[in-house]
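Following: one structure in structure tokens, then a few remarks.
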There are 2 protein chains.
Amino acid sequence: MADPMYRQIADDLRRQIEAGELPPGAQLPTELELREKYDASRNTIRDATKWLITRGLVETRPGQGTFVIERIIPFVTTLTGDPKTASGGEGHTYIERGVPGGEAEPDYDREVMVSRRTPQASQPKIEIQQASALLAGELSIEENAIVVSRHQERFIDGTPWSLQTSFYPMSLVERGATRLIQAQNILEGTVEYLRDSLDIKQAGYRDVITVRAPDETETRFFNLPDDGRVSVLSTRRTGYDQNGQAFRLTLSVYPADRNQFVVKVGEVPADPTAASANRQS
Amino acid sequence: MADPMYRQIADDLRRQIEAGELPPGAQLPTELELREKYDASRNTIRDATKWLITRGLVETRPGQGTFVIERIIPFVTTLTGDPKTASGGEGHTYIERGVPGGEAEPDYDREVMVSRRTPQASQPKIEIQQASALLAGELSIEENAIVVSRHQERFIDGTPWSLQTSFYPMSLVERGATRLIQAQNILEGTVEYLRDSLDIKQAGYRDVITVRAPDETETRFFNLPDDGRVSVLSTRRTGYDQNGQAFRLTLSVYPADRNQFVVKVGEVPADPTAASANRQS
DNA sequence: GGGTATTTGTCCGTATGTATT
DNA sequence: AAATACATACGGACAAATACC
């Protein structure tokens, strides 16, 4: 009761959305209508919808109205894989577009679509750079040592899915892995390429996962609302060879609103998605 | 140039923050001062600071002013572990509070604190429930079958760190794992307990990671700003026994602003943090 | 403890611009 | 071209939180 008016209005609308009275895609009453319904000024109504916007419940479309957000069917990326091949980058990466599920409570009636998808990647943009402090530390090389940077935009079914940059010490190129500095996809995967060309085997890798607000480039590429309400999940993958020496660092960024990640440890049954989706009626 | 005024003001302030002219913790000019500086109305100034707030750059304190956000030293949780013991819940979970690092670019001068921390957990709140559809699917039991829910609040150094709920089929209790329905921590971990009491060995587990906006309970518990700009990262861990049968489901929620997650696959050297933090000068 | 100044939070009103139908 | 609906910007008023004397 002590809540400010715009919060009470927002809470009431949220209740309607969560109760399904305003289903996904439905248009909310216009600001003018809400103004009359709640007997508040237009600015107060707008404060309420802003509150709903930052929570990802509604979106506004100029000239049209305010609408309940449609739930996005997420891409599912598995972070664990065979270290001998898993590059998390170029090469074969299989993505499920399906529904391992949201949280426990909500009980959406949504289509189950479990289909394996291979992302398409842009031609890599190659840069020769000096190692930053972080990079030098991760790759155990001197700061300002020369590294190769391979940057790619990745899509699934045409929708922007991930931005990715991999770094390799220039010494690998000097030792013969010359394709690293060619602006061409390494289709078999850089991990396999380095194994075949330099006998560097990836014995393991470490991912560090962080959530943060998107920067301007990411907002543009992913087509995120520019009010920053959708955060991005970034992974930093450091690959180690058989001697425990880091030889690559891959930074990937995914928009948090359309991605899920899976980590499997030990023996895990194959088809979780179908299992969790099959509701016995 | 076509940018609205509030964006120009926000961009100018953002530039000052990123350039270090306004270091973390510093107070921004008051709304009145900014009003004069940019020759705009107070509401326009407030729109600009709102833009900065949703991007996590500043925070406002009523009666005091607007301040540049202080960077939080994140908790680091490792998601991969020995499936035979890793519960991701009660029992021994080691957390590093340290700095695997943010993104590549920023070059903070911040203290390196790598110390192993054991989280403290509240006494579990036990509930006997009927399985939801998701739960039934994950645990391969009938919908509306009876399950035990163990809910805990977890803290590190007194700061709220995670909310966690584990579900077990009631059949486990009937078969003798009676401590599951006691409101007492299972210190050795429920995974070990089930192995010792019922000879159920956890052969593997799967984590599904999702990012979403916090609900009200989470906002309150984690002390998050109630404008929903900080999202939460939620993990759903399904544990499988030696027969590929799921026997537990653990939902955990972590505030995204003070947590990082690590996934290790294959052979990974032990001490990455120190390595990445040690800058040769 | 009380009072006052400062600063942000809420709410109102109005006007004009811009995007969509 | 006109109507509709949201976006931006201005102005003012009072409330609530905080700090300081």
Side-chain angles (χ1 to χ4, degrees), chain A residues 1-14 17 22 25-70 219 223-229, chain B residues 1-14 17 22 25-70 219 223-229:
Chain A
M1 206 52 189
D3 273 0
M5 190 185 304
Y6 79 96
R7 280 282 267 118
Q8 295 183 32
I9 296 170
D11 279 335
D12 189 47
L13 290 170
R14 182 171 60 109
I17 291 169
L22 290 166
Q27 179 171 10
L28 270 65
T30 66
E31 292 180 346
L32 205 68
E33 291 167 330
L34 290 173
R35 210 189 92 132
E36 290 175 9
K37 172 167 180 186
Y38 294 105
D39 193 32
S41 83
R42 197 181 146 232
N43 280 330
T44 303
I45 297 297
R46 284 175 62 73
D47 283 344
T49 64
K50 266 178 206 160
W51 192 88
L52 295 170
I53 286 173
T54 58
R55 258 142 261 253
L57 292 172
V58 305
E59 66 182 336
T60 55
R61 307 208 269 269
Q64 295 187 53
T66 307
F67 299 84
V68 180
I69 285 273
E70 308 248 22
T219 300
N223 243 308
L224 301 179
D226 76 288
D227 57 6
R229 68 176 179 269
Chain B
M1 206 52 191
D3 272 0
M5 190 185 302
Y6 80 95
R7 280 281 270 121
Q8 296 182 33
I9 297 171
D11 279 335
D12 190 47
L13 291 170
R14 182 171 60 110
I17 291 169
L22 289 167
Q27 179 171 10
L28 270 65
T30 66
E31 293 178 346
L32 205 68
E33 291 167 332
L34 290 173
R35 209 189 92 134
E36 289 176 8
K37 173 168 179 186
Y38 293 105
D39 193 33
S41 81
R42 187 174 159 234
N43 280 327
T44 303
I45 297 297
R46 285 175 63 74
D47 282 345
T49 64
K50 267 176 204 160
W51 192 87
L52 295 170
I53 287 173
T54 58
R55 277 161 188 73
L57 292 172
V58 304
E59 65 181 336
T60 53
R61 302 184 205 136
Q64 291 184 255
T66 307
F67 300 83
V68 181
I69 286 273
E70 307 245 25
T219 300
N223 241 308
L224 300 178
D226 77 299
D227 58 5
R229 67 175 179 271

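Residue numbers begin at 1 in each chain, while the letters A, B, ... track the order of the sequences. When reading the values below, keep in mind they use all heavy atoms of this one structure, side chains included, and skip hydrogens, waters and symmetry mates.
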Nucleic acid footprint by protein, nucleotides 16-21 of chain C - heavy-atom cut-off 4.0 Å, B for base, S for sugar-phosphate alone: ---BSS
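- Atom-to-atom, CG of N43(A) to P of dT14(C) comes out at 11 Å; the value is rounded to the nearest Å.
- L13(B) and Y38(B) get closest at one heavy-atom pair: CD2-OH, 3.9 Å.
- A donor-acceptor pair under 3.5 Å is formed between the side chain of Q27(B) and the backbone N or O of Q64(B).
- Residue contacts shown for T30(B) are limited to sugar-phosphate atoms, with no base heavy atom under 4.0 Å away.
- As rounded to whole Å, 17 Å separates atom P of dG9(C) from atom CH2 of W51(A).
- Between R35(A) and S41(A) the shortest heavy-atom distance is CG-C, 3.8 Å.
- The line from CG of L57(B) to CD1 of I17(B) is 5.0 Å long, rounded to the nearest 0.5 Å.
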Verdict with reasoning, Q8(B) to D11(B), per side-chain contact (heavy atoms from CB on, under 4.5 Å): CA-CA 5 Å; Q8(B) 296 182 33; D11(B) 279 335; 5.7 Å; no
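- Of the listed residues (I45(A), L52(A), T60(A)), just one forms a side-chain contact (heavy atoms from CB on, under 4.5 Å) with T66(A), and that residue is T60(A).
- Without hydrogens or angle criteria, E36(A) side chain to E33(A) main chain gives no donor-acceptor distance under 3.5 Å.
- The nearest heavy atom of DNA chain C to Y6(A) and to P29(B) marks one nucleotide each, and the one closer to the 5' end goes with P29(B).
- Pair check for dG12(D) finds dC11(C); Watson-Crick or G-U wobble, both atom distances under 3.5 Å.
- Across the protein-nucleic acid pair, R46(A) atom CZ and dC12(C) atom C1' stand 15 Å apart, rounded to whole Å.
- The nucleotide range of DNA chain D contacted by chain B, defined by atoms under 4.0 angstrom from heavy atoms of the protein and reported 5' to 3', is dT8(D) to dA19(D).
- Atom-to-atom, CD1 of I45(B) to C1' of dT7(C) comes out at 14 Å; the value is rounded to the nearest Å.
- Between R14(B) and W51(B), some side-chain heavy-atom pair lies under the 4.5 Å cut-off.
- One atom, CD1 of I9(A), and another, C1' of dT10(C), lie 12 Å apart when rounded to the nearest Å.
- Per the geometry, CG belonging to D39(A) stands 13 Å off P belonging to dC11(C), to the nearest Å.
- A distance of 11.0 Å separates CD in E59(A) from CG in L28(A), rounded to the nearest 0.5 Å.
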